[in-house]
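Heads up, the thing below is written out as structure tokens.
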Amino acid sequence: MTLSEIDKIFRDEAGRALATLIRLVGDFDLAEDALQDAFAVALERWPACEVPDNARAWLVNVARHKAIDRIRRQAVFRGKEQALVHELELNAQAPVEPPAMVDDDMLRLIFTCCHPAFAPEVQVALTLRTVCGLSTAQVARAFLVTEEAMGQRLVRAKQKIRLAGIPYEVPERDTLVPRLEGVLAVIYLVFTEGYVATSGADLMRPDLAAEAIRLGRLLDRLLPDRAGIKGLLALMLLHDARRAGRQTAAGDIVLLEEQDRSRWDHAQIEEGLRLVDDALRVPGRPQPYAVQAAIAALHARAPSYEQTDWPQIAGLYEVLLRINPSPVIELNHAAAVSMVDGPARALDLVDATTARGGLRGYELLPAVRADLLRRLGRNEEAREAYRAATEATQLKPLRRLYARRMREME
């Protein structure tokens with residue numbers, strides 16, 4: 001087995017393996033260190049032999065024993081540490097994946113990251129680090145802070161989990177619902193990292209997208225008839241259904257207007273459309289994820305890019321701005337408006353949002369401006385914006401797309 005194949009296994013299995021280890025050892029840092037030790041062992045052994053049938057179970061078992069070894073190597077054992085070793089040894093025969101639905105390890109980890117004791121930005125940072133597997137430097141970049149500052153923030157969060165005794169569990173139903181909004185947000189965050197990676201050579205991480213969809217299905221079974229859950233699940237399914245058409249064999253981005261729609265997963269689209277209808281029929285105030293899913297449904301239903309119902313999409317973004325206003329939604333709304341009223345009107349909206357400071361540091365802002373300027377024939381300004389967009393991203397397929405756009409304007 002090649003190193004690249006082993007690396008893919010690591011990326012695919014790391015999140016759920018870490019979630020299981022945290023359940024077993026009860027400590028974020030110990031679990032992360034032990035999993036790294038297990039990865040090191042795998043790198044030594046797997047190239048020369050066949051990979052185990054259940055790579056995740058193998059990694060968890062090796063890491064569990066590495067965790068025991070780490071504790072035993074400490075010079076002085078306190079009673080609590082001895083008890084932890086005993087518990088770990090008892091867990092040696094425990095199944096890697098508990099059978100009960102609410103015992104799902106990744107769902108436990110997400111609910112832990114979304115504990116109300118943490119501010120929303122800490123919940124997001126913990127999720128990016130532990131569930132998505134981003135490095136501390138990558139998380140820091142997402143928050144526009146230094147790596148050292150983010151490292152300290154993550155350390156404090158993990159200490160709070162340990163010292164405050166924050167339970168690693170899916171809470172009971174009466175305490176689950178108040179935390180649901182944060183949980184849905186981080187599941188969508190996991191999906192987004194799978195849909196468009198933060199950095200690297202690959203546009204997508206299908207493992208993360210699939211995991212987010214799995215968790216969405218799990219929540220839908222756990223809490224049926226919730227418009228937010230059904231809306232989020234529909235949104236993820238509809239976006240993910242376009243995966244096969246989103247890049248070339250060489251890994252270059254294929255924009256929506258250029259995609260071969262016959263390559264889309266139409267069975268998954270049908271499932272997503274049914275869920276959109278279900279979400280919109282739930283009584284009460286429209287839920288943001290349901291409205292976003294309705295927008296995705298219009299894209300999915302359109303026979304071609306030119307036949308997309310852009311006026312209705314722009315109108316749905318206006319609804320979304322009323323119920324869940326944010327600068328990023330304003331930017332998406334402007335992109336839809338550009339297809340209805342033209343790029344000049346959209347550029348005015350983007351610049352108005354920028355002037356209010358709402359999109360400061362958002363890495364896709366210069367790319368949106370560049371596209372609007374290109375369509376207006378303001379090529380020199382567009383090239384400057386594409387250069388800014390290139391500087392703002394560490395994702396290689398995006399950089400190649402921007403370079404292609406600049407060549408087209410020469």
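Numbering starts at 1 and runs along the sequence shown.
- Of all non-hydrogen atoms in L373 and A385, the two that sit nearest each other are CD1-CB, 4.3 Å.
- Between I161 and Y168 the shortest side-chain heavy-atom distance does not fall below 4.5 Å.
- No donor-acceptor distance shorter than 3.5 angstrom exists from the side chain of R356 to the backbone of P327, with no hydrogens or angles considered.
- Annotation: the span from D105 atom CG to L18 atom CG amounts to 10.0 Å, rounded to 0.5 Å.
- Taking a cutoff of 4.0 Å between a charged side-chain nitrogen and a carboxylate oxygen, E380 and R383 qualify as a salt bridge.
- No side-chain N or O of Q138 forms a donor-acceptor pair with one of T198 less than 3.5 Å apart.
- With 3.5 Å as the limit, one finds a donor-acceptor pair spanning the side chains of R242 and Y195.
- For residues 263-296, every residue pair satisfying the ring pair (Phe, Tyr, Trp, His ring centres under 6.0 Å) rule, not counting sequence neighbours, is listed here: Y188-Y289.
- Residues in residues 307-316 take part in these side-chain hydrogen bond (donor to acceptor under 3.5 Å, both in side chains) pairs, two or more places apart or across chains: S304-Q307.
- Not one N or O on the side chain of E330 forms a donor-acceptor pair closer than 3.5 Å with the backbone of V350.
- Put simply, the side chain of R400 gets close to the backbone of G251: a donor and an acceptor are under 3.5 Å apart.
- Taking the side chain as every heavy atom from C-beta outward, L256 and R261 approach each other to under 4.5 Å.
- Taking 4.0 Å as the cut-off between side-chain N and carboxylate O, E408 and R405 count as a salt-bridged pair.
- The two residues I166 and A117 come nearest to each other via the heavy atoms CD1-CB, 4.2 Å.
- Proximity of D53 to W58: side-chain heavy atoms (C-beta onward) are nowhere separated by under 4.5 Å.
- Remark: the backbone N or O of F111 is paired with a side-chain donor or acceptor of R179 at under 3.5 angstrom.
- Counting only heavy atoms from C-beta outward, the side chains of R23 and T20 approach each other to under 4.5 Å.
- Side-chain atoms of V196 and H239, non-hydrogen and from C-beta on, never get closer than 4.5 Å to each other.
- Between the CG atom in L331 and the OG1 atom in T353 there is a gap of 7.5 Å [rounded to 0.5 Å].
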*Please lay out, stage by stage, how L401 and R404 fare under the test side-chain contact (heavy atoms from CB on, under 4.5 Å).*
CA-CA 5 Å; L401 172 64; R404 188 183 89 195; 3.7 Å; yes
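- Using bins of under 30°, 30° to 60° and over 60° for the plane-to-plane angle, the ring pair H333/Y317 lands in the perpendicular bin.
- Of all non-hydrogen atoms in A388 and P366, the two that sit nearest each other are CB-CB, 3.9 Å.
- Counting non-hydrogen atoms of other residues, nucleotides and ligands closer than 6.0 Å to CD of E5 gives a total above 12.
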Open item on the list: Assess the residue pair V254 and R246 against the criterion (side-chain contact (heavy atoms from CB on, under 4.5 Å)); give the C-alpha distance rounded to whole Å, side-chain angles, the decisive distance to 0.1 Å, and a yes or no.
Closed with: CA-CA 5 Å; V254 180; R246 292 183 60 227; 5.7 Å; no
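- Closest non-hydrogen pair, L219 versus L184, comes out as CD1-CD2, 3.9 Å.
- With respect to R274 and D278, no salt bridge is recorded, no charged nitrogen being found less than 4.0 Å from a carboxylate O.
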- Dump the intermediate steps for salt bridge (charged side-chain N to carboxylate O under 4.0 Å, His left out) on R387 and E384, then the final yes or no. CA-CA 5 Å; R387 285 191 286 269; E384 183 179 348; 5.5 Å; no
task: Determine, step by step, whether D104 and V170 satisfy the side-chain contact (heavy atoms from CB on, under 4.5 Å) criterion, reporting the C-alpha distance in whole Å, the side-chain angles of both residues, the deciding distance to 0.1 Å, and the verdict.
output: CA-CA 8 Å; D104 184 90; V170 177; over 6 Å; no
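- Heavy atoms only, all atoms of each residue included: R70 and A34 are closest at NE-N, 4.2 Å.
- Residues D202 and A197 approach most closely at O-CB, 3.6 Å, considering heavy atoms.
- Between R217 and D220, no side-chain nitrogen of the basic residue sits less than 4.0 Å from a carboxylate oxygen of the acidic one, so the salt-bridge criterion is not met.
- R399 places a side-chain N or O within donor-acceptor distance of the main-chain N or O of T393, the cut-off being under 3.5 Å.
- Heavy-atom contacts from other residues, nucleotides or ligands closer than 6.0 Å to CZ of R263 number 12 or fewer.
- In this structure, the separation between CD1 on I329 and CG on L320 is 4.0 Å, given to the nearest 0.5 Å.
- Between V60 and L24, some side-chain heavy-atom pair lies under the 4.5 Å cut-off.
- Atom CG of residue L223 and atom CG of residue L180 lie 6.0 Å apart, to the nearest 0.5 angstrom.
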Q.
Under the criterion side-chain contact (heavy atoms from CB on, under 4.5 Å), I'd like the reasoning laid out for D265 against R243: C-alpha separation, chi angles, the key distance, then a yes or no.
A. CA-CA 8 Å; D265 186 333; R243 187 194 329 143; over 6 Å; no
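- At least one side-chain heavy atom of R375 sits less than 4.5 Å from a side-chain heavy atom of L372.
- Shown here is K396, whose NZ atom has no more than 12 heavy atoms of other residues, nucleotides or ligands within 6.0 Å.
- In terms of modelled atom types and a separation under 3.5 Å, the side chain of E147 and the main chain of T136 share no donor-acceptor contact.
- The CZ atom of F191 lies 8.0 Å from the CG atom of L237; values are rounded to the nearest 0.5 Å.
- For the atom pair L35 CG and K66 NZ, the distance stands at 12.5 Å (nearest 0.5 Å).
- E318 has no carboxylate O lying under 4.0 Å from a charged side-chain N of R322, or vice versa, which leaves the two without a salt bridge.
- A salt bridge links D27 to R162: at least one charged side-chain nitrogen sits closer than 4.0 Å to a carboxylate oxygen.
- Between I313 and H299 the shortest side-chain heavy-atom distance falls below 4.5 Å.
- Results of the side-chain contact (heavy atoms from CB on, under 4.5 Å) test with V291 over N324, L235, I323 single out I323 as the only residue that passes.
- The existence of a salt bridge linking R56 and D12 is excluded, since no basic side-chain nitrogen approaches an acidic carboxylate oxygen closer than 4.0 Å.
- At a threshold of 4.0 Å, the pair E211-R214 counts as salt-bridged, since one of the basic side-chain nitrogens sits closer than that to a carboxylate oxygen.
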